[in-house]
Amino acid sequence: MKKVLMVCLGNICRSPLAEGILKSKVNNTLIFVDSAGTAAYHVGNFPDERSIGVASKYGIDISSQKARKFIVKDFDVFDYIYVMDASNYQNVLSIARNHEDIQKVKMILNETYPDKKESVPDPYYGGSAGFEEVYKMLNEACTIIAENVTS
């Protein structure tokens, strides 16, 4: 079984959306998808209502996910670690133990825009339109990820 982890800052906006989107595109008996945050601000909390709402609009239920913090053991568990922005990337790399750990970490929008190091904007402090835009970005990237992890 291949395992994919989506990572953002608090694990309540972007990474839960990415987790739900990718789960909707893969066979969940063959691909395990989870999400985490680099900070522990929201550990145990459900996703932001706006993330839940935009996911629901597209037929994806993320309402039962709970935020957790990214930990070193995640490097052992997951084959692919997708981060939402440059800050998340640096935070994850800062606890990498070796080259093998580092090789697992990728900026998620590099799937859509190779080598551009584009960030998924954090919609937390904005309105619902930001969540819609984030959904579209993640949906496009997750379509490519789904193709890559299932081939």
Side-chain angles (χ1 to χ4, degrees), residues 1-85 88-89 91-93 95-115 117-124 131-151:
M1 174 177 277
K2 292 181 185 173
K3 297 178 182 175
V4 181
L5 183 65
M6 303 297 190
V7 180
C8 70
L9 179 63
N11 193 212
I12 61 166
C13 295
R14 296 170 290 175
S15 57
L17 266 177
E19 175 187 344
I21 293 166
L22 187 57
K23 280 181 174 177
S24 75
K25 295 177 180 295
V26 298
N27 180 335
N28 291 284
T29 60
L30 301 175
I31 310 293
F32 175 75
V33 185
D34 195 11
S35 62
T38 58
Y41 307 132
H42 304 288
V43 169
N45 292 353
F46 294 107
D48 185 289
E49 288 295 325
R50 295 165 294 177
S51 285
I52 292 171
V54 75
S56 180
K57 176 181 173 181
Y58 293 99
I60 299 169
D61 182 9
I62 64 169
S63 64
S64 63
Q65 293 181 22
K66 288 200 177 175
R68 72 174 186 85
K69 189 171 186 316
F70 181 86
I71 57 173
V72 172
K73 184 180 179 189
D74 288 326
F75 288 114
D76 299 325
V77 173
F78 292 92
D79 303 299
Y80 307 93
I81 300 169
Y82 287 99
V83 297
M84 302 297 135
D85 63 37
N88 305 147
Y89 186 78
N91 289 337
V92 169
L93 290 187
I95 62 171
R97 301 160 298 186
N98 53 46
H99 184 71
E100 184 178 300
D101 288 355
I102 292 168
Q103 291 300 109
K104 293 181 178 188
V105 185
K106 300 176 189 319
M107 297 275 291
I108 193 165
L109 291 186
N110 275 359
E111 297 300 319
T112 312
Y113 309 105
D115 302 317
K117 296 183 174 62
E118 298 280 331
S119 292
V120 177
D122 189 342
Y124 185 75
F131 285 80
E132 180 74 30
E133 187 61 30
V134 164
Y135 178 89
K136 289 176 183 174
M137 291 174 172
L138 294 175
N139 187 52
E140 191 173 353
C142 285
T143 297
I144 296 165
I145 293 167
E147 290 169 5
N148 292 339
V149 299
T150 57
S151 61

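Hydrogens, waters and symmetry mates play no part in the numbers below; they use all other heavy atoms, side chains included. Quantities reported herein were computed from a predicted structural model and do not represent experimental measurements.
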Legend entry - Residues that Phe46 engages under side-chain contact (heavy atoms from CB on, under 4.5 Å), provided they are two or more places apart: Lys66
Legend entry - Nearest heavy-atom neighbours spanning Arg14 and Leu9: NH2-N, 3.8 Å
Inset, instruction - Any chance you could measure Thr112, atom OG1, to Glu118, atom CD, to the nearest 0.5 Å? - result: 9.5 Å
Legend entry - side-chain contact (heavy atoms from CB on, under 4.5 Å) partner of Val26, chosen from Ile31, Val4, Ile145: Ile31
Legend entry - Stepwise side chain to side chain contact (heavy atoms under 4.5 Å, CB included) check, Val105 with Leu93: CA-CA 8 Å; Val105 185; Leu93 290 187; 4.0 Å; yes
Under 3.5 Å, side-chain donor or acceptor atoms of residues 51-59 against the rest of the protein: list the pairs with distances, not counting sequence neighbours.
{"residue": "Ser51", "atom": "OG", "partner": "Cys13", "partner atom": "O", "Å": "3.0"}
{"residue": "Lys57", "atom": "NZ", "partner": "Glu132", "partner atom": "OE1", "Å": "3.0"}
{"residue": "Tyr58", "atom": "OH", "partner": "Glu132", "partner atom": "OE2", "Å": "2.2"}

Inset, instruction - Just jot down the ring pair (Phe, Tyr, Trp, His ring centres under 6.0 Å) partners of Phe75, sequence neighbours excluded, or say none. - result: Phe70
Legend entry - Rounded distance [0.5 Å steps], CG in Leu5 versus CZ in Phe32: 8.5 Å
Inset, instruction - State, with a plain yes or no, whether a side-chain heavy atom of Asn11 is found less than 4.5 Å away from one of Pro16. - result: yes
Inset, instruction - Measure the OH-CZ distance between Tyr124 and Phe131 for me, rounded to the nearest 0.5 Å. - result: 8.5 Å
Legend entry - Approximate separation, where rounding is to 0.5 Å, of Tyr113 OH and Glu140 CD: 5.0 Å
Inset, instruction - Could you tell me whether Arg97 and Asp76 make a salt bridge, using a distance below 4.0 angstrom between a side-chain N and a carboxylate O? - result: yes
Legend entry - Interatomic distance, Tyr80 atom OH to Leu22 atom CG [nearest 0.5 angstrom]: 11.0 Å
Legend entry - Exercise: identify the closest heavy-atom pair between Leu138 and Ala18: CD1-N, 3.8 Å
